[in-house]
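See structure below.
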Amino acid sequence: EAGVVQSPRYKIIEKKQPVAFWCNPISGHNTLYWYLQNLGQGPELLIRYENEEAVDDSQLPKDRFSAERLKGVDSTLKIQPAELGDSAVYLCASSQTGAGKAFFGQGTRLTVV
Amino acid sequence: DAKTTQPPSMDCAEGRAANLPCNHSTISGNEYVYWYRQIHSQGPQYIIHGLKNNETNEMASLIITEDRKSSTLILPHATLRDTAVYYCIVRSPNSGNTPLVFGKGTRLSVIA
């Protein structure tokens, strides 16, 4: 069974440019998470989806970040415009509804220069 | 905020048991203890979880104290591939599909 797939694996962009990350969760998993991980820190939740509905986006900086999960499957996370402080690893995870066992992708390492 | 306290780092000799402690003194009666680990350049990986009984699977054992205020993750025969950051998380299954809240974890270094 395929795990959570994220792309790209690495991305380098100049500040003020837009960037997008893509996530394909495990088939049948209704819950999808986007986490942000800074160096030396644990992952921090950005947004959680139940099917296509964003049910927890309180930590998402909405002035520059946006996310969508069309048809309740794949999801994209976008930053526009990117700032130097956005350099981090962006992790996607999925789980069955109500489950505490989540499966994570390998993440996208973003570097903003 | 994370509800757990873990030592920032630990070393373990290869082949020996690695015992990773976690303090969760404010845990509620319906909260589970979850353990995840994150190997360098990978996403976190689920290891094990439990409520109050000790649990064992192919990866590790979880020992929860009787008062449930602390727990220990045991890797019985640590290998170099077990070098990772280990996260202890408490989570209630009764408050909807709440997200996992990660702290800084324990960085385990397995030494040859």
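Each chain gets a letter, A, B and so on, in the order its sequence line appears, and its residues count up from 1.
Looking at A/Q6, there are no atoms closer than 4.5 Å to chain B (heavy atoms on both sides), in backbone or side chain. With a 4.5 angstrom heavy-atom cutoff, B/Y36 touches chain A only via side-chain atoms. Interface residue A/Y35: only side-chain heavy atoms are found under 4.5 Å from chain B.
Counted within 6.0 Å of CZ on B/R68, heavy atoms from surrounding residues, nucleotides or ligands total more than 12; the atom is thus considered enclosed. In A/K71, the NZ atom is not crowded: 12 or fewer heavy atoms of neighbouring residues, nucleotides or ligands sit closer than 6.0 Å. Counting heavy atoms of neighbouring residues, nucleotides and ligands inside a 6.0 Å radius, atom CZ of A/R64 exceeds 12 of them. The 12-atom threshold is exceeded at CG of B/L80, counting heavy atoms of other residues, nucleotides or ligands nearer than 6.0 Å. More than 12 heavy atoms of other residues, nucleotides or ligands lie within 6.0 Å of CD1 in B/I111, so this atom counts as buried by the packing criterion.
To the nearest 0.5 angstrom, A/Q41 atom CD is 13.5 Å from B/F102 atom CZ.
Hydrophobic cluster membership is shared by A/F65 and A/V19, with clusters built from Ile, Leu, Val, Met, Phe, Trp and Tyr side chains linked at under 4.5 angstrom. Put simply, B/Y32 and B/I64 are part of two different groups of oily side chains (I, L, V, M, F, W, Y) that touch within less than 4.5 Å, one to the next. A single hydrophobic cluster is seen to contain both A/L84 and A/I13, as judged by linkage of ILVMFWY side chains at heavy-atom distances under 4.5 Å, directly or through other members.
Applying a 4.5 Å heavy-atom cutoff, the residues of residues 38-59 of chain B that approach chain A are B/Q38, B/S41, B/Q42, B/G43, B/P44, B/Y46.
Put simply, the side chain of B/Y87 never gets that close to the backbone of A/P43: no donor and acceptor are under 3.5 Å apart.
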